[in-house]
Amino acid sequence: MKFIDLTIPLGIATPPWPTYEPLQVKYFKRLAPNGANGMVITHSNHLGTHLDGEIHFYTPGKDIASLSLDFLVHEGVIVDLSDAVGDYDIYTSKMVEDRVETKKNDILIIHTGYHHYGWDQPTADEVRYMIKHPGPDREMVQWYEKKGISWIGVDCGSADHPMNTICRTWMPREAKVADKVFRKKYGGALEEVFDDSKYQQMHIDLFPKGIIHAECIGGDIDLLLNRRITIGFFPWRFVDGESCIGRCVAMVEDDEYQDLMKKKAESKTITKFGDYYNPQHTDNIKKNTAANLAGL
């Protein structure tokens with residue numbers, strides 16, 4: 001058994017979710033004169049690849065330390081929706097079911113393709129990564145519960161649609177564009193499609209039901225799309241933790257690992273941190289975005 005890393009690199013340039021504390025690092029001792037290097041780090045929990053826990057939005061919920069390893073490591077699927085979505089789009093359960101089979105208690109990781117706009121990528125675009133990525137409406141939220149999905153992962157800034165968060169207020173220029181897309185594509189104004197009853201529904205509606213999610217998935221995810229696989233997330237054993245930075249991995253047999261590493265080694269599309277990426281995904285997103293914006 002070998003691991004494929006689905007974690008984005010973490011450094012002082014890694015953006016946290018908007019307005020959250022970024023990673024800050026300083027040395028408090030050095031080899032000369034202390035005989036060892038030592039660091040102090042400060043950060044919020046919503047930075048890099050991280051797992052949102054129940055008490056992030058649900059006071060009586062479980063803390064991170066209460067999550068069992070059997071819950072965190074399980075069979076699941078990784079689905080690629082990058083051919084179907086562009087900026088501000090809403091993705092649906094049908095899009096998922098058209099591409100993969102899901103089962104009760106599965107972990108489900110959604111590859112929107114927007115990890116390509118993460119800080120570690122050659123096509124980095126922080127605003128697009130955090131503010132323009134696609135997300136779900138209530139239909140999808142209810143589907144997660146109906147299907148019995150264990151936990152969810154996304155390769156972008158939030159499991160909620162960014163225009164269904166406070167970012168809609170903080171980024172008014174982007175919200176104006178999103179409103180035009182919604183009126184054209186979904187038949188209603190942004191504030192009508194995402195009214196107050198749906199606000200941050202991936203967090204507020206699902207966390208009390210024990211369905212949590214990981215955000216900012218990435219790494220070598222492009223090697224493993226539209227398939228069933230064992231997935232694991234490893235946060236700290238964080239007592240009272242509302243959320244936690246962690247390592248997300250997929251697990252493959254040794255022979256398949258060799259094939260995947262050969263594909264990666266032969267590829268010319270490798271980030272500066274050594275992760276494989278497929279540029280077709282950004283081509284698809286650009287095409288879909290252009291269609292969304294046509295005539296606006």
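- N45 pairs in a side chain to side chain contact (heavy atoms under 4.5 Å, CB included) with only one of the listed residues (P16, S243, P235), which is S243.
- The main-chain N or O of G219 is never found under 3.5 Å from a side-chain atom of T7 such that the two would form a donor-acceptor pair.
- Between H213 and F207, the ring planes lie tilted relative to each other; the angle falls in the 30° to 60° range.
- Using modelled atom types, one finds no donor on one side chain facing an acceptor on the other under 3.5 Å when comparing D120 with Y277.
- At a threshold of 4.5 Å between non-hydrogen side-chain atoms, the residues D222 and H116 count as touching.
- Side-chain contact between E174 and V127 is present, with heavy atoms from C-beta onward closer than 4.5 Å.
- Between the side chains of N284 and Q280, at least one donor N or O lies within less than 3.5 Å of an accepting N or O.
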Give the C-alpha distance, both sets of side-chain angles, the deciding distance and a yes or no for side chain to side chain contact (heavy atoms under 4.5 Å, CB included) between L6 and V249. CA-CA 5 Å; L6 306 180; V249 300; 5.7 Å; no

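- For W119 and F273, the distance between ring centers is under 6.0 angstrom.
- Between N37 and K29, the side chains place no donor N or O within less than 3.5 Å of an acceptor N or O (distance only, hydrogens not considered).
- The distance between the ring centers of Y20 and H43 does not fall below 6.0 angstrom.
- Below 30°, between 30° and 60°, or above 60°: for H56 and H203 the angle between ring planes is above 60°, a perpendicular geometry.
- The shortest non-hydrogen separation linking H50 to F233 is C-CZ, 3.6 Å.
- D89 and Y186 share a side-chain donor-acceptor pair at under 3.5 Å.
- Applying the salt bridge (Lys or Arg N to Asp or Glu O under 4.0 Å) definition to pairs two or more places apart or across chains, none involves residues 48-70.
- At a threshold of 4.0 Å, the pair D80-R99 does not count as salt-bridged, since none of the basic side-chain nitrogens sits closer than that to a carboxylate oxygen.
- The two residues D254 and M1 come nearest to each other via the heavy atoms OD1-N, 2.7 Å.
- A salt bridge between D106 and R228 is present, with a side-chain N of the basic residue lying under 4.0 Å from a carboxylate O of the acidic one.
- There is no side-chain donor-acceptor pair under 3.5 Å between T92 and E139.
- Of all heavy-atom pairs between L190 and A178, the closest is CD2-CB, 4.2 Å.
- Aromatic pair F182/F194: centroids less than 6.0 angstrom apart.
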